[in-house]
Amino acid sequence: MKWTRHENIEFPQVWLKFKAKDPESGEIVNYQVEDLTEDRFDEVVGHMINYFIPDEPMCTSLNILKDEVSMAETTEMWQEAVRKKLTLVCFKESTEGTEGTREICALNILEVNEKEDGTGDVLQSLKGNAMRDIFTVFSFLKHRADVFNRYNVDKYLHGLGLLTLPKYRGCGLATEVLKARFPLMEALGLTLTCTVFSGPGSQGAARKANFTEDFVAPYESLGTQQPFVKFPNISWPVVKFMCYQLK
């Protein structure tokens with residue numbers, strides 16, 4: 001995570017506005033996706049721990065919540081990532097005459113992956129069993145997708161966790177948060193965004209946002225051949241490395 005956001009890119013700013021259902025009223029309301037500000041870094045990391053980890057297939061399969069070392073390493077990873085000022089958060093827009101609650105509805109923690117970044121040193125530094133297994137699979141998927149050569153880029157915007165808060169699930173917010181990456185990419189001078197999508201919700205959202213499936217692996221195969229990481233009682237059959245390239 002060596003890359004840093006250039007000071008000439010305004011922060012914070014709104015990257016996308018859209019309309020979707022309000023889960024409380026059932027009416028169509030306005031939402032917007034914007035930069036996560038420093039005063040809410042800890043809140044977002046807390047949401048990832050409380051809501052993302054218990055639902056994410058790999059984390060639940062490996063019971064990462066019971067692995068204190070892996071939990072500490074995962075928390076540190078997200079804390080470092082949000083400080084890069086790339087994380088996107090979704091709010092309902094304030095209506096006329098009201099300030100709105102500024103309740104976070106959905107979020108996406110992001111980083112920039114660069115071609116010269118090595119994964120070996122990071123993998124060697126991990127002490128938690130669950131975190132090391134998940135990182136091993138991520139590294140394997142990235143290698144097989146080979147996006148630096150496939151798309152002829154030296155860096156891309158990478159996702160470290162896409163979350164819709166439980167109250168707002170079923171409203172289509174995850175797809176719109178993924179789409180908000182596109183104007184952010186343009187501002188950053190990037191043409192490609194890629195992510196490991198591990199479950200049905202995130203894979204469906206990525207498909208609706210027109211991400212392509214660059215590499216797909218059955219979880220079962222990951223345990224019987226390279227990278228030899230087993231996911232017992234996994235709740236979903238396949239993991240996908242998916243990308244979107246700006247035209």
> Do F228 and F215 sit in the same hydrophobic cluster, where Ile, Leu, Val, Met, Phe, Trp and Tyr count as joined when their side-chain heavy atoms come under 4.5 Å apart?
Replying inline: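 As far as the 4.5 Å side-chain criterion goes, F215 and F228 are not connected within one cluster.
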> With hydrophobic residues grouped by side-chain heavy-atom distances under 4.5 Å, do M58 and L65 end up in a single group?
Replying inline: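 Yes, same cluster.
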Looking at [X], I want to see if its [atom1] is surrounded by more than 12 non-hydrogen atoms of other residues, nucleotides or ligands under 6.0 Å.
X   : atom1 : result
Y51 : OH    : no
Q13 : CD    : yes
E76 : CD    : no
D39 : CG    : yes
D42 : CG    : no

Does a donor on one side chain and an acceptor on the other come within less than 3.5 Å for [X] and [Y]?
X    : Y    : value
Q32  : W15  : no
R169 : T164 : no
Y168 : E24  : no

Would you call [X]-[Y] a salt bridge at under 4.0 Å N-O?
X    : Y    : result
D35  : K85  : no
K155 : E116 : no
E34  : R102 : yes
D214 : K142 : no
R40  : E43  : yes
E103 : K167 : yes

> If you measure from CG on N108 to SG on C90, what distance do you get to the nearest 0.5 Å?
Replying inline: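 Interatomic distance, N108 CG to C90 SG, rounded to 0.5 Å: 11.0 Å.
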> When rounded to the nearest 0.5 angstrom, what is the spacing between CH2 in W78 and OG1 in T75?
Replying inline: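 Output value for this atom pair is 7.0 Å.
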>> For F138 together with F241, are the ring centres under 6.0 Å from each other?
In response: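 No: the rings miss the under 6.0 Å criterion.
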> Would R83 and E80 satisfy salt bridge (Lys or Arg N to Asp or Glu O under 4.0 Å), going step by step from the backbone distance to the final call?
Replying inline: CA-CA 5 Å; R83 289 195 292 269; E80 182 180 350; 5.5 Å; no
>> Let's go through Y31 and F91 carefully: what are the C-alpha distance in whole Å and the side-chain angles of both, what is the deciding distance for ring pair (Phe, Tyr, Trp, His ring centres under 6.0 Å) to 0.1 Å, and is it a yes or a no?
In response: CA-CA 6 Å; Y31 290 85; F91 300 103; over 10 Å; no
>> Go through it in stages, so that I can follow the logic: the residues are F197 and F211, the test is ring pair (Phe, Tyr, Trp, His ring centres under 6.0 Å), and I'd like the CA-CA distance, side-chain angles, deciding distance and then a yes or no.
In response: CA-CA 11 Å; F197 292 100; F211 279 62; 5.7 Å; yes
> For the side chain to side chain contact (heavy atoms under 4.5 Å, CB included) test, which of T195, L157, T212 pairs with C243?
Replying inline: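 Option passing the side chain to side chain contact (heavy atoms under 4.5 Å, CB included) with C243: T212.
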